[in-house]
Asks: 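One structure is given below, represented as structure tokens, and several questions about it will come after.
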Amino acid sequence: EVQLVESGGGLVQPGRSLKLSCAASGFTFSDYYMAWVRQAPTKGLEWVASISYDGGSTYYRDSVKGRFTISRDNAKSSLYLQMDSLRSEDTATYYCTTEGFDYWGQGVMVTVSS
Amino acid sequence: DVVLTQTPPTLSATIGQSVSISCRSSQSLLHSNGNTYLNWLLQRPGQPPQLLIYLVSRLESGVPNRFSGSGSGTDFTLKISGVEAEDLGVYYCVQSTHAPWTFGGGTKLELK
């Protein structure tokens, strides 16, 4: 059974950092581009960042460039999102997903507030 | 960025009714490799999204065949032939032909 399990969310003050993790199982993790997609409360879906099979290429939406870093560890079948200089507008549920959107985690909530 | 416009934003249907959702793109989604990377997702209340249709019209494994996708270029349609109660939720189109990937605004399907 395919599973993507996110962790690391929580309440954080503006300007602080948080690191999300996504543990994958049930499929060959290294065969997939991976991505983070977020959803602000009561809003739609928004792509955040993507990473290639070996981590050699990364892509970000403009609003998070320079603040967020996506990475992966294929030996551990894990995906990460380091989020620095957090802003209130980063408040959202963050989903880990495969590039083709065929597998999704349950999501982890990140709240940025003082 | 590519803008995907979904209509209608809300759809009321009775069980068994057939419905369609439109997704229009601000530019062609035909990739230089010949594929069109337009997918449809369903997000049920309190759940993560799930993939229904990929590459415009290909049904994801395990998805009922009452769902179908069509279209090309900039105009795409998701059709549900005979709505069932489990189909309620928000439908999103999403494109990954052009970076950055973008999602439509969503269409909420509710019971009439």
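All values below come from the heavy atoms of this structure, side chains included, with hydrogens, waters and symmetry mates left out.
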Asks: Quick one: what part of B/Gln43 sits under 4.5 Å from any heavy atom of chain A, side chain, backbone, both or neither?
Replies: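 For B/Gln43, the side chain is the part near chain A, not the backbone.
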Asks: For B/Asp87 and B/Arg44: C-alpha separation, side-chain torsions, deciding distance, then whether salt bridge (charged side-chain N to carboxylate O under 4.0 Å, His left out) applies.
Replies: CA-CA 8 Å; B/Asp87 300 338; B/Arg44 297 186 176 95; 5.1 Å; no
Asks: Using the rule that Ile, Leu, Val, Met, Phe, Trp and Tyr join whenever any side-chain heavy atoms are under 4.5 Å apart, tell me whether A/Ile70 and A/Val37 fall into a single cluster.
Replies: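 No.
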Asks: Do the side-chain N and O atoms of A/Asp73 and A/Ser78 include a donor-acceptor pair separated by under 3.5 angstrom?
Replies: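 No pair is found: no donor N or O on one side chain lies under 3.5 Å from an acceptor on the other.
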Asks: Checking ring-ring contact (aromatic ring centres under 6.0 Å, His included) for the pair A/Tyr95/A/Trp104: CA distance, chi angles, key distance, verdict?
Replies: CA-CA 7 Å; A/Tyr95 294 102; A/Trp104 291 76; 5.8 Å; yes
Asks: What part of B/Tyr92 lies closer than 4.5 angstrom to a heavy atom of chain A: side chain, backbone, both or neither?
Replies: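 Contact with chain A is through the side chain of B/Tyr92 alone.
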Asks: Who wins among B/Val94, B/Val90, B/Leu52 for the most heavy-atom pairs under 4.5 Å with chain A?
Replies: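 Between B/Val94, B/Val90, B/Leu52, the count favours B/Val94.
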Asks: Relative to chain B, which segment of A/Tyr59 carries a heavy atom at a distance below 4.5 Å: side chain, backbone, both, or neither?
Replies: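 Neither part.
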Asks: For residues A/Asp90 and A/Ser88, is any side-chain donor paired with an opposing acceptor at under 3.5 Å?
Replies: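 Judged by distance alone, the side chains do not pair up.
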Asks: Among B/Pro49, B/Ser61, B/Pro100, single out the residue with the greatest number of heavy-atom pairs under 4.5 Å to chain A.
Replies: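 Of B/Pro49, B/Ser61, B/Pro100, B/Pro49 has the most heavy-atom pairs under 4.5 Å with chain A.
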Asks: Where the side chain of A/Thr111 meets the backbone of A/Gly10, is there a donor-acceptor pair that is under 3.5 Å apart?
Replies: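 No, A/Thr111 side chain to A/Gly10 backbone: no donor-acceptor pair under 3.5 Å.
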Asks: Picking from A/Asp62, A/Thr93, A/Asp102, which has the most non-hydrogen pairs under 4.5 angstrom with chain B?
Replies: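 Of the options given, most contacts go to A/Asp102.
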Asks: Using heavy-atom distances under 4.5 Å, tell me whether A/Glu99 contacts chain B through its side chain, its backbone, both, or neither.
Replies: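 Both parts, backbone and side chain.
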Asks: Of the backbone (N, CA, C, O) and the side chain (C-beta and beyond), which part of A/Thr97 lies under 4.5 Å from a heavy atom of chain B, both, or neither?
Replies: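 Looking at A/Thr97, nothing touches chain B.
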